[in-house]
Visitor: 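The structure is given below, and queries will be raised subsequently.
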2 protein chains.
Amino acid sequence: MGNRERIIETTLRLMNELGAEAVGTNRIAAETGVSPGNLYYHFGNREEIVRALFDALEHEFRDVLQRDTERPLAPQRIAAFYLRTFDLAWRYRFFFSGTLGLLRRDPVLAGRYQALQSWAIAELDSIATGIAEDGNLAHPRGAEGIASLALNTWLIWSNWIGFLQISGIAEIRRADMTAGINQLFDVIAPYLVPPFEAAIRRAITDEWAP
Amino acid sequence: MGNRERIIETTLRLMNELGAEAVGTNRIAAETGVSPGNLYYHFGNREEIVRALFDALEHEFRDVLQRDTERPLAPQRIAAFYLRTFDLAWRYRFFFSGTLGLLRRDPVLAGRYQALQSWAIAELDSIATGIAEDGNLAHPRGAEGIASLALNTWLIWSNWIGFLQISGIAEIRRADMTAGINQLFDVIAPYLVPPFEAAIRRAITDEWAP
DNA sequence: ACCGGACTAGAGTTTTTACTCTAGACGACT
DNA sequence: AGTCGTCTAGAGTAAAAACTCTAGTCCGGT
């Protein structure tokens with residue numbers, strides 16, 4: 001593996017441990033075992049490294065959220081959404097605490113993030129609409145209610161990891177993951193048709209089993 | 001008004017505009033119109049200024065959340081909760097974006113914040129329990145369901161302002177405030193008895209009117 | 001053998017930041 | 001008048017951070 005990749009990996013590790021703003025290029029270089037000059041050969045500046053990490057995050061996220069959303073939407077599919085997106089958020093957790101700080105330092109990144117966020121919320125909306133059309137979402141109070149559902153899902157998801165970190169949790173455990181998924185699911189759960197809700201909860205539990 | 005208070009005010013303004021990590025003590029002193037030496041006469045270090053701001057935030061927040069919670073809980077009371085806490089979060093918005101960054105730099109503050117957070121979630125839980133005991137919360141799925149409700153309320157509330165800022169909103173408008181309150185209310189709304197829900201929505205609209 | 005491009009090292013520069021230190025102004029009380 | 005405590009100014013310091021510059025090394029192709 002080349003130094004470029006090793007620098008990216010080190011940056012991810014350090015920023016996850018210490019927070020993005022506490023990690024400088026000199027430190028990254030030292031911890032990777034390369035010189036600052038070498039780091040700046042591979043990256044024009046510090047933001048470019050963060051952008052490379054965001055690229056990876058965005059790629060994975062889009063892949064999880066948009067892949068094979070065939071109708072009717074199966075409970076297993078929805079359970080997979082929850083599990084994979086939470087795992088993803090944890091692996092790139094440096095991004096979900098201090099997001100605004102990163103975006104303020106890098107307007108280019110800000111634009112990309114806002115685009116991803118808009119896309120994600122719209123995607124969540126269309127997924128919820130799909131569930132409603134399948135007849136599994138009862139009394140959703142029309143399009144407005146679904147939009148609210150989608151936005152709340154985004155808000156809980158994108159801030160759960162930050163909440164854990166603020167609460168002083170340094171290493172995620174299965175229980176924290178489960179709790180987050182339950183929090184997220186409880187946003188939509190009251191609107192779901194009971195058997196469908198039960199099927200999703202079962203699918204989540206099943207996917208946990210090794 | 002003494003320099004101490006003016007420094008605190010300037011810090012709040014600057015941090016709200018630029019983000020906490022972008023505001024240094026020299027800048028604060030310059031913008032307040034005092035010398036760095038003077039600033040350090042009033043505050044031992046940078047964190048102390050932030051702590052003073054947090055003290056004010058905490059004081060106001062506790063006041064809003066715990067004051068006269070007489071039973072049965074009136075819709076007007078609940079509407080007031082929403083309106084005042086959102087206003088509060090906006091006024092101290094520097095704190096709600098980049099919370100973790102602030103807490104990492106100041107372990108003392110981290111402890112205080114975690115205590116406040118725990119207290120708030122417990123308080124929200126007891127408020128929801130009260131509503132249930134009043135007979136206004138239908139099928140809450142027991143204590144666990146209420147706990148989930150309380151936590152989601154906290155998550156949405158404490159992150160709505162950050163969401164607005166990330167989305168590129170620099171100045172809050174009534175519409176953004178309303179949207180946030182609706183998002184927050186939609187967490188608990190599906191569980192409420194319809195007339196009670198309607199009464200709260202009416203109270204929110206009424207309180208908006210001058 | 002040697003040339004060119006990709007890569008690497010590491011000392012150094014510049015800028016910024018938190019914070020210190022000394023000297024003094026101002027007002028109240030004896 | 002004098003003195004003591006509170007407050008203020010502003011030049012200065014020390015550390016850290018992002019980034020640059022020069023001098024290479026390594027290796028495949030001719």
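Letters go in sequence order (proteins before strands), and every chain restarts at 1. Here the structure is a predicted model, which means the values were calculated and not measured.
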Visitor: Return the nearest nucleotide to the side chain of Asn3(A); candidates are dT8(C), dT8(D), dA18(C).
Guide: dT8(C)
Visitor: Whole Å only: how far is the OH atom of Tyr40(B) from the P atom of dT20(C)?
Guide: 7 Å
Visitor: Counting heavy atoms from C-beta on, name the nucleotide in dA9(D), dC7(C), dC19(D) closest to the side chain of Tyr41(A).
Guide: dC7(C)
Visitor: Rounding to a whole Å, what distance do you find between Leu39(A):CG and dA17(D):P?
Guide: 14 Å
Visitor: Should His42(B) be listed as having a side-chain N or O under 4.0 Å from OP1 or OP2 of dT8(D)?
Guide: yes
Visitor: So which of Phe96(B), Phe95(B), Phe61(B) actually passes ring pair (Phe, Tyr, Trp, His ring centres under 6.0 Å) with Tyr113(B)?
Guide: Phe95(B)
Visitor: Can you tell me if CZ on Arg173(B) sees more than 12 non-hydrogen neighbours from other groups inside 6.0 Å?
Guide: no
Visitor: How many Å lie between CG on Asp106(A) and C1' on dA18(D), as a whole number?
Guide: 15 Å
Visitor: Mind checking Gly37(B) for me? I need base, sugar-phosphate or nothing, with any heavy atom below 4.0 Å counting as a touch.
Guide: base
Visitor: Under the salt bridge (Lys or Arg N to Asp or Glu O under 4.0 Å) rule, what do Glu58(A) and Arg62(A) come out as? Steps first, then yes or no, please.
Guide: CA-CA 6 Å; Glu58(A) 173 166 20; Arg62(A) 294 194 117 105; 2.2 Å; yes
Visitor: Return the nearest nucleotide to the side chain of Asn38(B); candidates are dA9(C), dT8(D), dA18(C).
Guide: dT8(D)
Visitor: Return the 5'-most residue of the pair Ala22(B), Pro36(A) with respect to DNA chain C, ranking by each residue's nearest nucleotide.
Guide: Pro36(A)
Visitor: Looking at Arg4(B) and Phe43(B), what are the two nearest heavy atoms and their distance?
Guide: NH2-CE2, 3.6 Å
Visitor: Please report, rounded to the nearest Å, how far the C1' atom of dT8(C) is from the CZ atom of Arg6(A).
Guide: 12 Å
Visitor: Would you kindly give the CZ-to-P distance between Arg46(A) and dA16(D), to the nearest whole Å?
Guide: 17 Å
Visitor: Could one point to a donor on the side chain of Asn26(B) or the base of dC19(C) with an acceptor on the other under 3.5 Å away?
Guide: yes
Visitor: What is the distance, to the nearest angstrom, from the CD atom on Glu21(B) to the C1' atom on dT16(C)?
Guide: 15 Å
Visitor: Quick one: is dG10(D) close enough that its OP1 or OP2 comes under 4.0 Å of any side-chain N or O from Ser35(B)?
Guide: no
Visitor: What is the distance, to the nearest angstrom, from the CZ atom on Arg27(B) to the P atom on dT17(C)?
Guide: 9 Å
Visitor: Find the distance Ile7(A):CD1 to dC7(C):P and express it as a whole number of Å.
Guide: 11 Å
Visitor: Tell me whether Arg51(A) is salt-bridged to Asp55(A), with the criterion being a basic N under 4.0 Å from an acidic carboxylate O.
Guide: no
